[in-house]
Asker: 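Have a look at the structure that comes next, please.
Worth knowing before you read on, the calculation uses all heavy atoms, side chains too, and leaves out hydrogens, waters and symmetry mates. In listed order, ligands and their atoms are each counted from 1.
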Amino acid sequence: MSGTLLEVEGLTAGYGAAPVLHDVDLTVRPGEIVAVLGANGAGKTTLLRALSGLIRTSRGRVALDGAELAGTRVEHLVRRGIAHVPEGRGVVTELTVDENLRLGGLWRRDRADARVALDEVYELFPPLAQRRSSAGHQLSGGERQMLALGRALVGRPRLLLLDEPSLGLAPKVTGQIMALLRDLRDRTGLAVLLVEQNVRSALSIADEGVVLSLGRVVTRNKASVLRDDTDLRHAYLGF
Ligand code: ATP
């Protein structure tokens, strides 16, 4: 883990005139899992949206490998190695599993490798291989989360922006998704910026955690330190 993959400096962003995020600084190194934590409304989802260009930033700098990302469109993000799995997962329910996965490779220049990556996703998620021709709306919550993750992985990201992967899932399925993320990180060097309400799950796989409150970073530390910091947990994380 050397160098910096994602570098965010002084990011200020929101939905209208009033910013939701204020002066956010953040770095993610290759192969690092960073959990973004904080109460409801702290700005976690807004942070991922600002990073992936879904909302405009009013101030600050976002760089990948030292080169600015501002104003970047989806196809450029994919080509530069960023994939965003939004809250609610963004699965196209009318399309089949296979069609959804192919969307993840749409912007890739290396068509041959997009096909290889698709096969790898089916190996990684056997339930998706069994349901290749099923429509998105026929899938369970866990299968939809696999599909959303799988679609992102077809793009061979170096950085995954992952919003609430545990939402609506049974604890066992959440545990499987977390284990899979850690495994992917170990095998491929994938870096993950992980937004999670389920703080225990997130800190169980994260290297570091960033705590947001009212759109500002109030602390950043090793996951093991945050897990043991009772005052911080009570003040910002609700457990
Ligand atoms: P949650 O876990 O509840 O999703 P969060 O930390 O992800 O919380 P955000 O969803 O980023 O928080 O919301 C931060 C603030 O931005 C909140 O005050 C929210 O009301 C506001 N907000 C979120 N989405 C929009 C939107 N589309 N338009 C205007 N304001 C929004």
Side-chain angles (χ1 to χ4, degrees), residues 6 8-28 33-62 69-74 77 82-92 141-142 144-145 148-149 152 159-171 173-175 177-178 181 191-221 223 226-227 229 231-239:
L6 178 76
V8 179
E9 276 173 7
L11 180 67
T12 298
Y15 299 91
V20 169
L21 298 172
H22 305 270
D23 211 14
V24 170
D25 292 340
L26 181 76
T27 54
V28 181
I33 300 180
V34 177
V36 180
L37 309 170
N40 282 343
K44 305 180 296 296
T45 292
T46 303
L47 173 62
L48 295 197
R49 288 185 183 147
L51 294 179
S52 67
L54 289 176
I55 59 170
R56 291 168 68 97
T57 62
S58 48
R59 257 204 336 267
R61 176 174 178 270
V62 180
L69 266 183
T72 302
R73 296 210 311 267
V74 175
L77 286 179
I82 296 190
H84 184 186
V85 180
E87 200 174 14
R89 297 152 193 162
V91 163
V92 185
R144 282 189 202 198
Q145 187 59 63
L149 257 178
L159 174 67
L160 194 60
L161 307 174
L162 187 54
D163 203 347
E164 300 277 3
S166 76
L167 201 71
L169 300 186
V173 184
T174 299
I177 299 271
M178 295 295 163
L181 288 175
V192 185
L193 196 56
L194 172 65
V195 166
E196 252 304 337
Q197 284 288 336
N198 189 333
V199 177
R200 284 173 203 276
S201 280
L203 290 179
S204 74
I205 64 157
D207 301 293
E208 301 215 350
V210 172
V211 181
L212 287 183
S213 177
L214 301 175
R216 294 178 194 277
V217 175
V218 288
T219 192
R220 170 172 183 151
N221 217 324
L226 295 179
R227 264 198 306 267
D229 187 335
D231 291 344
L232 181 102
R233 280 181 7 218
H234 287 167
Y236 298 111
L237 305 177
F239 79 105

Asker: Does any part of the side chain of L160, heavy atoms only, come nearer than 4.5 Å to the side chain of L149, both counted from C-beta?
Answerer: yes

Asker: L26 pairs by side-chain contact (heavy atoms from CB on, under 4.5 Å) with which of L11, L212, L47, V217?
Answerer: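 It is L47; the other options fail the test.
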
Asker: Contact residues of ligand 1 with a heavy-atom cut-off of under 4.0 Å?
Answerer: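 Those residues closer than 4.0 Å to ligand 1 by some heavy atom are Y15, V20, A39, N40, G41, A42, G43, K44, T45, T46, R49, E87, E164, Q197.
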
Asker: Just distance, no hydrogens or angles: give the donor-acceptor pairs under 3.5 Å from side chains in residues 12-20, sequence neighbours left out.
Answerer:
{"from": "T12", "atom 1": "OG1", "to": "D23", "atom 2": "N", "distance (Å)": "3.1"}
{"from": "Y15", "atom 1": "OH", "to": "T46", "atom 2": "OG1", "distance (Å)": "2.8"}
{"from": "Y15", "atom 1": "OH", "to": "R49", "atom 2": "NH1", "distance (Å)": "2.7"}

Asker: Please name the pair of heavy atoms, one in T27 and one in R220, separated by the smallest distance, quoted to 0.1 Å.
Answerer: O-NH1, 2.7 Å

Asker: Does a sphere of radius 6.0 Å around CZ in R56 hold more than 12 heavy atoms from other residues, nucleotides or ligands, not counting ones at 6.0 Å or beyond?
Answerer: no

Asker: Does atom CG of L54 have more than 12 heavy-atom neighbours from other groups under 6.0 Å away?
Answerer: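 Yes, enclosed.
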
